[in-house]
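Working notes, beginning with the structure itself.
Side chains are part of it too, since the values below use all heavy atoms of this structure and drop only hydrogens, waters and symmetry mates.
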Amino acid sequence: MKIRSVKLREAHKAASNGKPSFCSVLWDQQAHHIVTASSSESAISIHDSLLPSTTPKIIHHHREGVTALALSPNSTCLASGSMDRSVKLYKFPGGEFETNITRFTLPIRILGFNKSGSLLAAGGDDDGIKLVNTVDGSIARVLKGHKGAVTGLAFDPNSEYLASVDSIGTVIIWELQSGSIIHNLKGLAPNTGSDPSVMNVLGWSPDGETLAVPGLRNDVVMYDRDTAEKLFSLRGDHTQPICFLSWSPNGKYMATSSLDRQILIWDVDQKLDIDRQKFDERICCMAWKPIGNALAVIDVMGKYGVWESVVPSSMKPPTEDIPKLQSRNSNGLLLFDEEDEEPSAHGNSSDLGEDSYHESEIPTRKRLRKHSTNDEILDEADSEDFSLFPKLDSRKTSHRVKRDKLDNIDEGDIGKATYSRLKQQEAFQPGATPLQPGKKRFLCYNMLGSITTFEHDGYSHIEIDFHDTGSGPRVPSMNDHFGFTMAALDENGSVFANPCKGEKNMSTLMYRPFGSWANNSEKHILSLDGPVVTASGFKDEVAFVTHSSTCLPSNDQVLEFRILNISNGTQLLRGRLPLTPGSHLTWFGFSEEGKLSSYDSKGVLRVFTNQYGGSWVPLFSANKERKSDENYWVAGLNANKLFCVICKNPDSYPQVTPKPVLTLLNLSFPLALSDLGAESLENEFMMNDMHLKQIHGRMEEMALRGLYDNELDDEAFSIEAAQDRCILRLIASCCNGDKLVRATELVKLLSLEKSVKGAIKLVTALKLPNLAERFNAILEERLLNETKGTVETTLSRPNCNESVLPNAPTSPKAKTSEFTLPSTLKAPILSAPLFTKKQKSEGAKFESGKTEDKQTSGVNEISKMHNTNVADAATKAVVSLSKVDSNLETNQHFKSSNNQNVKPGGVNQVPSNRPVNPFLKSSIK
């Protein structure tokens with residue numbers, strides 16, 4: 001057994017008779033304080049969790065030992081119950097006494113707030129559980145049904161049920177709206193007898209789907225939320241009954257303490273204990289740290305301590321992916337105000353005396369007015385008997401609606417309220433990692449560099465680093481006194497921001513240029529038509545994502561994107577953002593070439609293209625790449641690669657130290673299996689086709705502005721040559737797979753004349769004479785159409801003395817009506833709008849001759865392999881053809897017979913109709 005030492009220090013004096021006492025411990029929401037109490041002392045101690053050696057703040061208001069503590073969800077109100085039979089409220093963390101909220105006739109054993117903090121449940125040796133309204137101190141309801149002392153209470157996170165357990169092991173699940181018993185389960189938990197230091201407890205999982213109860217076999221039993229059926233149990237090395245249990249904030253882990261003086265830490269999904277601790281005394285209470293990997297414990301002698309790193313670092317942290325639910329009743333309407341209120345600061349709660357003990361009737365709607373979005377609906381439907389908890393007919397599910405109490409409520413309004421239970425994705429900053437107390441984190445991480453922050457001595461320290469230290473400027477670190485939570489970085493500077501924290505602490509936005517002067521620092525303020533999810537920028541463009549509506553019934557997000565040009569104040573694009581079903585957006589930004597891209601939680605990368613009037617294209621699927629224990633954290637992408645950091649499960653993001661290592665992954669379409677067995681070739685074909693369309697689109701945009709870019713022209717020609725090589729390999733695969741019709745379609749997509757001739761020689765070498773004749777017919781038809789088109793175009797010109805080719809000399813012959821066919825024929829680009837390559841030099845023509853000889857000899861080598869396998873011959877033919885890759889730029893182009901457009905610089909641009917693409921199955925014009 002693995003033994004780990006947890007140091008305990010005295011918080012409260014042990015009982016004078018040496019008997020064990022029940023002691024309580026809890027954290028506040030920000031984990032700044034630990035509160036402890038003991039049934040042997042009347043004092044409550046508030047400890048500084050950051051400086052545990054300092055003297056705690058002591059609260060003295062009870063006359064006898066404190067048996068129960070509870071802290072409101074927003075950590076503004078502390079409640080305590082005592083042997084003196086009173087329940088008191090205090091301001092927190094100051095500890096100022098507020099009021100005696102209620103009293104009992106017998107000692108109190110347990111307290112608990114609901115999710116909104118508007119109700120406080122109190123139970124003990126009395127025969128009833130009181131539900132106290134913390135706004136005005138009234139008793140909303142008394143729940144009676146237990147035969148023994150109530151020792152455990154737990155509000156359902158969805159605010160629909162209350163679960164309770166008593167000292168004889170009976171578990172009751174109450175419906176809050178009606179106050180009735182849904183399930184009365186006798187003998188589920190152990191009988192604790194008359195020892196007040198041993199109490200049965202129970203707890204709902206953070207998502208509200210499971211109720212955990214100590215079992216009769218030294219185990220923990222899980223029960224279904226609605227049916228109360230047993231789901232499974234956690235049974236390990238506890239040798240005596242469990243006396244306390246606590247869920248981790250994300251519900252993945254559970255801590256259990258037993259009469260055997262052990263604490264076991266469980267992985268609930270795996271049903272295995274992952275760590276344990278043996279103590280000198282029995283641990284009677286535990287509390288998980290809300291924002292960290294730690295567990296506070298206290299024993300029956302009043303000693304408390306903190307178990308650090310309770311979950312191994314190799315596993316998912318206990319505070320990651322915490323379920324966030326909205327408190328509501330079963331028809332989707334909010335039961336109580338979800339806004340943070342300071343309890344007992346309103347109404348007449350401060351007027352209640354020490355001996356006040358009033359149990360009023362259940363308050364009406366007029367007495368407790370709620371501040372939900374459905375106020376108007378409920379106000380129209382309310383009557384004097386419309387109480388805080390309307391009765392319902394059915395008890396079988398968690399979505400019951402009593403129509404007779406809501407006759408005046410429109411069906412559509414109820415539907416809208418019901419949709420509010422679906423969780424919309426929260427806003428996030430691309431390239432940022434979550435807050436980790438005591439650790440550095442990334443405010444920004446992209447292809448250029450990173451911005452990190454680390455909190456120290458009350459302020460944060462920010463550093464900016466560039467991946468390429470030689471090219472990026474050297475930026476000094478700075479102290480952050482504003483508490484920045486997000487940042488962005490580019491070549492010119494960095495920008496920082498923090499959220500609004502009330503009217504007195506508005507948001508701060510700071511731009512820090514890397515140069516001595518910022519050449520453009522004006523701001524633009526816009527109101528968006530939906531909650532913002534994320535945003536990203538590229539040069540003069542900014543893109544952002546918003547929620548366009550509530551979630552779908554399937555809980556899928558409905559997101560919209562927009563792209564604005566800041567320099568000219570225009571909106572470039574707007575549309576829906578596609579996501580994989582059941583996923584959410586995890587990264588959003590631009591590629592190095594300026595293409596808008598997105599990445600979702602299912603591992604699908606999409607890039608926006610101008611094809612089909614604007615569409616998103618999936619270019620990567622992590623399911624085909626990553627291992628089962630890996631997660632991809634995206635940093636950026638370029639035209640061919642995805643840049644990401646590979647994180648091992650359960651981590652979904654990297655740490656600042658050690659420095660993350662970028663991994664490059666190839667972009668590829670998530671295609672179905674190829675009947676040719678050539679998935680990589682088909683992917684290459686589609687990627688080349690997409691890139692070529694993008695380049696031609698940019699060239700057309702430049703042409704409209706009267707500009708011309710030689711580099712784009714060269715890049716397009718290189719991709720076109722690579723596409724021909726890919727098509728030749730696909731033709732070989734089709735021939736090998738007896739897909740001759742598809743091979744015929746593919747040869748029509750070749751751009752270069754030499755590529756078509758190479759395809760003819762290839763099929764001839766593979767002994768496919770009929771296919772060779774088809775290829776020859778296609779080539780002859782093209783040459784004939786090119787000749788006719790060139791003659792008609794030339795004769796139709798009013799002035800024939802202008803040269804067809806740029807920089808060509810004007811001769812007397814050119815002034816006549818005669819036409820001489822140019823010796824260099826240009827081929828149409830079949831996969832995208834045509835452009836014409838600039839004329840080659842004599843040196844290039846000489847190299848072209850060499851290329852032709854090499855290509856011809858390469859195919860002739862195949863013709864000698866009559867006795868070899870067809871597949872081997874095809875493969876070797878393609879390899880031989882690929883040897884002349886570097887010289888393909890000198891090959892001749894065909895010309896089209898369509899209308900001519902003169903491109904800037906005098907080069908003729910001839911668009912043409914495109915044949916059917918056998919893979920995209922659409923006509924591209």
Side-chain angles (χ1 to χ4, degrees), residues 591-595 607-612 617 619 638-641 667 681 683-730 746 748-756 782 786 805-806 824-841 844 847-848 851 882 884-896 898-915 917 919-920 924-925:
S591 68
E592 288 189 339
E593 295 76 20
K595 293 298 178 182
V607 175
F608 187 83
T609 70
N610 293 326
Q611 298 181 34
Y612 311 109
V617 178
L619 287 185
N638 60 19
N640 301 301
K641 302 286 185 179
L667 299 182
L681 287 177
N683 242 310
E684 181 183 350
F685 174 88
M686 296 179 68
M687 292 290 291
N688 289 338
D689 186 77
M690 183 186 70
H691 292 158
L692 202 56
K693 287 182 172 65
Q694 293 174 355
I695 293 174
H696 287 160
R698 291 162 61 187
M699 294 177 65
E700 289 178 356
E701 292 176 359
M702 295 184 65
L704 293 177
R705 298 196 300 266
L707 303 175
Y708 179 73
D709 191 339
N710 285 329
E711 291 183 0
L712 281 180
D713 194 348
D714 293 338
E715 184 180 358
F717 192 83
S718 298
I719 296 177
E720 189 177 284
Q723 184 75 317
D724 272 14
R725 296 194 295 271
C726 178
I727 293 174
L728 286 173
R729 294 185 179 92
L730 283 170
L746 284 169
K748 296 176 183 178
L749 299 179
L750 291 170
S751 300
L752 306 176
E753 178 185 358
K754 291 300 179 182
S755 299
V756 180
R782 278 195 186 175
E786 289 293 323
L805 298 176
T824 303
L825 297 177
K826 304 289 185 180
I829 301 174
L830 300 175
S831 59
L834 180 66
F835 72 98
T836 304
K837 187 68 179 174
K838 53 183 177 290
Q839 190 176 16
K840 304 297 177 181
S841 63
E847 293 295 332
S848 177
T851 301
S882 65
V884 296
D885 290 350
S886 60
N887 297 319
L888 279 176
E889 291 189 359
T890 61
N891 286 334
Q892 296 176 337
H893 272 266
F894 295 109
K895 285 188 178 179
S896 172
N898 292 338
N899 295 331
Q900 289 189 349
N901 295 318
V902 178
K903 186 170 57 177
V907 182
N908 292 328
Q909 183 176 1
V910 189
S912 64
N913 293 329
R914 307 294 186 263
N917 186 322
F919 298 103
L920 299 178
I924 305 174
K925 295 185 177 181

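Side-chain contact between Leu681 and Leu730: present, with at least one pair of heavy atoms (C-beta onward) separated by less than 4.5 Å. Residues Glu720 and Leu752 meet the side-chain proximity criterion, which asks for heavy atoms closer than 4.5 Å. In this structure, the side chains of Asn638 and Ser591 stay at 4.5 Å or more apart for every pair of heavy atoms.
Here the shortest heavy-atom pairing between Asp724 and Ser755 reads OD2-OG, 2.9 Å. In terms of heavy atoms, Asp689 sits closest to Gln723 at N-NE2, 3.7 Å. Here the closest heavy-atom approach between residue Met699 and residue Asp713 is recorded as CE-CA, 4.3 Å. When all heavy atoms are compared, the tightest approach of Leu750 to Arg782 is O-NH1, 3.1 Å. Between Ile719 and Ile695, the shortest heavy-atom distance links the atoms CD1-CD1, 3.3 Å.
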| said: With side-chain contact (heavy atoms from CB on, under 4.5 Å) as the criterion, how do Leu707 and Glu701 come out once you've worked through the C-alpha distance, each side chain's angles and the decisive distance to 0.1 Å? | reply: CA-CA 9 Å; Leu707 303 175; Glu701 292 176 359; over 6 Å; no

| task | Test Ile727 against Leu749 for side-chain contact (heavy atoms from CB on, under 4.5 Å), laying out the working first. | result | CA-CA 8 Å; Ile727 293 174; Leu749 299 179; 3.8 Å; yes

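A donor-acceptor distance shorter than 3.5 angstrom exists from the side chain of Asn688 to the backbone of Glu684, with no hydrogens or angles considered.
With sequence neighbours excluded, the residues satisfying side-chain contact (heavy atoms from CB on, under 4.5 Å) with Gln694 are Lys595, Thr609, Met690, His691.
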